[in-house]
Amino acid sequence: MTDYDAVIIGAGHNGLICGAYLAKAGKQVLVVDGRDQPGGCASTRELAAGFHISDCAQWLYQFDDDIVRDLGLQAAGLTVGRAKHTVALQSDGDHLSIDGDLLRGAGIEAKDQAAYPLFRQQMNVFAKLMLKLYRGRAPKLVEANWTDRLTLMKLGLGLKLMGKGNMQDLMRLVLINIYDVMNENFDHQGLKAALALDAITGTGMGPRSPNTVFTYLHRALGHQLQASGVVQVMGGMGALGESLKSAAEASGATVRMGCRVEQIVKEGDRVCGVVLADGSTVPTKAVVSSADPTTTFADLLGYQHLETGMARRVAQYRTRSGTAKLHLALSGLPTVTGLDNDALSQRLVIAPSMESIELAWNPIKYAECGHHHIFDISIPSIEDPSLAPNGQHVLTALIHYLPYEPQGGWDAHRQTVLDNLIEQLEAYAPGLKAQIVASELLVPPDFEAAYGMKGGNWHHGELSIDQALMMRPFPGSSQYSTAVPGLFLCGAGAHPGGSLMGLPGRNAAREILKQGVLA
Amino acid sequence: MITSPRETMLLTTPFHSRVAAMCPINEWGNWMGYTTPNAYFDVELEYFAIRSTTGVFDLSPMNKYRISGPDAEAYLNRMLTRNISKLGIDRVCYAVWCNDAGSMLDDGTIFRLGEQDFRLCSYQRADDWLQWCALGFNVTIDNESEDIAGLAVQGPTSCTVLTLLGCTGLDQLKPFGIAHFTFEGAPMMVSRTGFTGDLGYEVWVAPEQAEALWDQLFECGRDYLIKPIGGHALDLARIEAGFLQAHVDFVPAEESVRPGRTRSPLELGLEWLVDFSKPLFNGRLALLEEKARGSRYRFAMLDIEGNKPAEHSFILKGDKVVGTVTSAAWCPTVKSNLAYAQIEAPHGNVGDVLTAEIYYQRELHWTRLMAPCTVIDGPLFNPQRRRQTPAPAL
Amino acid sequence: MKQYDAIVIGAGHNGLTNGAYLAKAGLNVAVLERNPYIGGATVSRELHKGWYYSNCSYVSSLLRPEITRDLELPRHGLQVVPFGGGTTFMRNGDHFHNFADHDRLYREMARHSKRDANAYDRYAADTSLQTKLIRPYLMRTPPDPTSMKPRDLADLLEFARSFMALGEEKLLDTIKFWTGSVGDYLDQYFETDVIKAHIAGSGIIGTALGVYSPGTAYVLLHHYMGDVDGNVGAWGFARGGMGAIANSLSKALQSYGGEIICDADVDEIIVRNGRAKGVALKDGTEYRADIVVSNLDPKRTFLDITNPKDLPEDVLKKARNFKIRGSSGKLNIALDGLPTFNGIDPRSRMMGGEMHFSDTMARQERAYDDWKNGTWSKDPYLDMLIPSMTDPTMAPPGKHMMSVFVQYAPPKIDGREWTDEDKDGFEKSVLDQISNYSPNFRDLILHCETRTPREIEAEVGLTEGNIFMGELTFDQLLFNRPFPGYSQYRAPIKGMYMCSSGTHPGGGVMAAPGANAAREILSDLKRPNTVPGGYADD
């Protein structure tokens, strides 16, 4: 058996990216994953014969273009669709379209139309500053070395350069909620809700929760990273995983699918290898985990191999999630009142008002399922007919919010909730029910089971400001290394966090190389 | 349901009726939420009972935790700085435990009662930390503080007295050993341990046996001048013997507020309790780093000229304050003026001569005394009988 | 037209403090008050013959001891008596007593969970660390991070240094604390619902946020950072009700030659050539002064009594966006005798402490959901006290006065004004909850004064009835209070200042905003400072 410089746990996008960058630097890298398909949450699955769905993530909107370029992902087979705009469905059929700076329909007034580009402009100013933090390791504040001090100085300079007005606004906005910010800027219910949705996606928070402007900026930063806007991946999200695998292999990394890492092996103070499902042990200089922090530390390494304070940090790391997913195989293209085929191929959201989002959030605080939900819908088969049999379609929707474990368990609720969700969709797309060939509802425990994300949290741990930046995943384990020598994090549980972004993987690779642990 | 205020009043120990009856001066204190005597009749006489006959101290309020299960040994090895695998069954050891930063949380004694069965006896409560430590271990933690009554029986005649009580062969028990006896048909555990630095034992029984144990012990010990001792006398003995106390000589790290106030075992002179050959224990990496970098403080035992106890004194090197005293007493047996101090490194090496700034008051008149003092190598009181086996009989 | 050196608008505790310090410095000061009585929300009123109500603020802890001592408030009649502790009643008939005595609290907690009782020491240490960080900044003007002035840079550096001294992990924990929710914070220490719920109450009082809303950990701190005689976190009663604080401040003010003018409802601040020149009252009276200090909340200050043409656009926008949500109501009840409570000995000292009836944080969160839905909490969080158990001047002998603070009550019901029926419904939800634990309580009620945000706003002039004159969230704290760029008590008009709880360090009967503002005014006038600095914390 070959000795590897680094073993990367998980062939999700971050694991593969980290592996590719390490391999490009000439390191011997093994990426291992228990699933058969690469990509982790970027995955495609056959829902019913001939119907293919993006099983977990469905949109790409902040995938760093630099990574696409560095790793030659296009040559490796990645094709993305055209940039989509967001269509916020309104109950009266007069829908709101948000396309770049342009707002159309739904009786949007001149005041909002004028305010929107200004709002985006300011958010972009803030996002650019945030990007300085996102593109590198989050600086330490007290034990800062020169790299960290430089980051902090750049940040300070960036703050000054954005002007006093912007800086004052940022000081006020950074910990505030998206609800207030929307109300301060806009009047249109549908517009406010559609924008607020970006702030709460994948978090366990509602629009009125403070700190949701931060999560809004997290997403708005996508415009800086990925010039193309919200897109779908042709062939389904799994194609992203496939292309990353090819790229990693082309860089010289070995990618082994279908072989779970059972255990991270520690000898003395250092992590020195992994045990695979086949019982073999792979020795290595560094184990780099793209699994979420809880899985990495509690399950793979084991609390008993951590010092108690660190174990407590792991146990206290919050992984609540309220995101579920609805998958439909449809015999034909659904009819949504007021939308033509092109509009149907865009990103469709159902979020009537910010209050409705908040009301949809309330029940999960008490482990209840609620009656009204928020939808973030994709019908990818319009742009990519290969995903469904001829003339037929697939629809996937992110659902906010459903609890991790309702009282009585999911078995008692799953069908009722699924029926209710379809009923809610039917109100916008009459006749949809009759078109359904197959349907399923995936809830947080399903994601946990399929993708190993603790709590089913897509961000590998709540992305709230107190678990972000230099606090991610927790004090004592930041900057991709952990309190355990030889063990590194490169997944969404590391800075800068979740979404298909690729930065944790790339930043981790750079940091590991810089530390020289693989030398 | 009206909660009786009794539920939240100071508790009494299983020995209370007997303790109260023997406490004519009625001077009580609050120890760990229990009504306990600071003194029974005269602190100095009580102290001398420990050193020349037998002193009996009710240590029931000590916190006792039962740690059992397949991972009990591994659990303790991760929590404590000592290697607990070296501890045999029916043996006891003194140990300390730290947080990840290598700062002291507390110290205590570990009793190995079986292969997978331990008791931790500590001055501070530790429920929260013990539970956090249990993550990932197949181990059960039970707080059995109220289920066990304990007496410390300490002093040169203690072995004799306990033998008369029925602890046959106790003289063969080595220091830090455990022996099991029967008292009135119920189990009685005796360990050769204590907080006095003298020959002595700790006797552990169920609370139901407590009063009978007290009565018979004092009956057996009458001719050997057995005396009850209170908290003040014990404190004097422990200073003389070189034992540290949480909240006096160090601040438990998880209760510390101000930055920099915690201390590591290295800074408290307890490096002998740290087994760096163990692959993992709480604080290991931080302590290794501290060892490489050097400690900020040094624990020093000071022999101070004169007879004025250096309580709360500043310690100076020349004109510069280099430390403060945490515990101090005039020690009657060794006839020395002892103090523990935390001294800023690099000061405080054995043999260093420093100055203690002592304030004392007589008839409302304060005197400031600049007393020379010498850093000594370990406690002055360390009698042969403490270590001898068989234990000397009177 | 009378000429003064300085006019302070609003004779609440901050206005009086501000006026007192200006007068002490030799200025000719008038404090104007709209109501016929002084005190604002720091007031005792006799609304039922023989019963005195602290009918807005009701307990004291935050009042800065430096000011109490410096203005000789005890000599002017102020006595603050700690009440020590509190109780949360549980639905299962049990309760949790929060004893002030540490050992007794341990034993009470241990009744519920030994682990929690032990973890409390860790909780207390970690929370003390946070109070130690913030306390030195209470009697100081916050530095402006956007400024390049040497004073701001020096202050910022000092601020940064005190945080850096914590070390990396504790600093990050501090950031986590400041950005986190009280619910998540308490979950890190405790396992018992009632213990968490008891403590969490301090994270939501007066705040339009739920226990699991980020930012509420700070609100907890805001209720912990005060002290009674050095006991940080302790609360007490002002003897004679909270009006005693205002009354002693007014006597201090008058002792320095200051003047109080009641029934003086300010219509507008007079500005000439960009300088404040005085105020005009609604009745047409004008008072002239080169210094005008507003003790009204930032919204009223800039949107009601200042002419918009005198203000820069950004301030108008910031004032409009200022978060000042009403979220609380109050019941003040005259009782014919002492009610009994299930499970509590009527002779128990705990009858004099706070009482709460929310035994889980989930119930508190649901109470917040009602507020978000535009209605009062059907199962509200109550902070209930019987001050007459501690202070015999509040009610006739054998009779009692009860103060019930209610969280949550929205400023508007479903977007419309409160009606009397709404108010009755609100009152009923509170009385019902208390009656569940006190069988004879209802029969003892002689008079019940119910105050929704509507009444609080109308009477005291707190916009939306917000007791803190602005939410205590980070976007409105420290150098952000009331707005970024305006945290140093100066309004954008020369000669105009702010001194209300809407400025740093914020709400509660603290008097620090009034004092800090006076220090800035005197510095602008190049007069010797009369305002004390903060006591150094140990």
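To find a chain, count down the sequence lines: A is the first, B the second, and so on, and within it residues start at 1. FYI, side chains are in, hydrogens and waters are out, and symmetry mates aren't considered; it's all heavy atoms of this structure.
- Using a 4.5 Å cut-off on side-chain heavy atoms (C-beta onward), C/Asp369 and A/Lys365 make contact.
- If you measure heavy-atom distances from A/Leu469 to chain C, you find no contacts under 4.5 Å at all.
- Atoms CG and CZ, on C/Leu172 and A/Phe474 in that order, are 12.5 Å from each other to the nearest 0.5 Å.
- Taking OG1 of C/Thr146 as the reference point, atom CG of A/Leu170 lies at 12.0 Å (rounded to 0.5 Å).
- Separation of atoms OG (C/Ser147) and NZ (A/Lys164) is listed at 6.0 Å; rounding is to 0.5 Å.
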Check: What's the verdict on side-chain contact (heavy atoms from CB on, under 4.5 Å) for A/Arg313 and C/Gln188, showing C-alpha distance, side-chain angles and the deciding distance?
Finding: CA-CA 9 Å; A/Arg313 295 263 188 212; C/Gln188 294 178 7; over 6 Å; no
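- Residue contact with chain C, scored on non-hydrogen atoms closer than 4.5 Å, involves the backbone and the side chain of A/Lys140 alike.
- For C/Phe483, no part lies under 4.5 angstrom from a heavy atom of chain A.
- Using a 4.5 Å cut-off between heavy atoms, C/Leu209 contacts chain A through its side chain alone, with no backbone atom that close.
- Between chain A and the options C/Asp187, C/Asp314, C/Ile175, heavy-atom pairs under 4.5 Å are most frequent for C/Ile175.
- Side-chain atoms of A/Gln168 and C/Lys318 include a donor-acceptor pair closer than 3.5 Å.
- For C/Arg325, the part lying under 4.5 angstrom from a heavy atom of chain A is the side chain only.
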Next item on the list: Let me see the working for A/Gln467 and C/Lys176 under side-chain contact (heavy atoms from CB on, under 4.5 Å), right down to the final yes or no.
Entry: CA-CA 8 Å; A/Gln467 295 196 143; C/Lys176 281 168 85 79; 4.2 Å; yes
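- To the nearest 0.5 Å, atom NZ of residue C/Lys372 and atom CG of residue A/Asn362 are 4.0 Å apart.
- Relative to the ring axis of A/Tyr366, C/Arg366 places its NZ or CZ within 45° and under 6.0 Å from the centre.
- Highest contact tally toward chain C, considering only A/Leu175, A/Asn177, A/Thr212, is held by A/Leu175 [criterion: heavy-atom pairs under 4.5 Å].
- When heavy atoms are compared at a cutoff of 4.5 Å, A/Leu141 approaches chain C by way of both its backbone and its side chain.
- When A/Ile176, A/Val174, A/Asp180 are compared by the number of non-hydrogen pairs under 4.5 Å with chain C, A/Asp180 comes out ahead.
- C/Pro145 has its side chain within reach of A/Met167: a pair of non-hydrogen atoms, C-beta onward, lies under 4.5 Å apart.
- Contacts of A/Gln316 with chain C are made by side-chain atoms alone, with heavy-atom separations under 4.5 Å and no backbone atom involved.
- Of the listed residues C/Asp184, C/Thr216, C/Asp173, the one with more heavy-atom pairs under 4.5 angstrom with chain A than any other is C/Asp184.
- The distance from atom OG of C/Ser487 to atom CE of A/Met171, rounded to the nearest 0.5 Å, is 7.5 Å.
- For C/Asn480, the part lying near chain A is the side chain, with the backbone staying farther off; criterion is any non-hydrogen pair under 4.5 Å.
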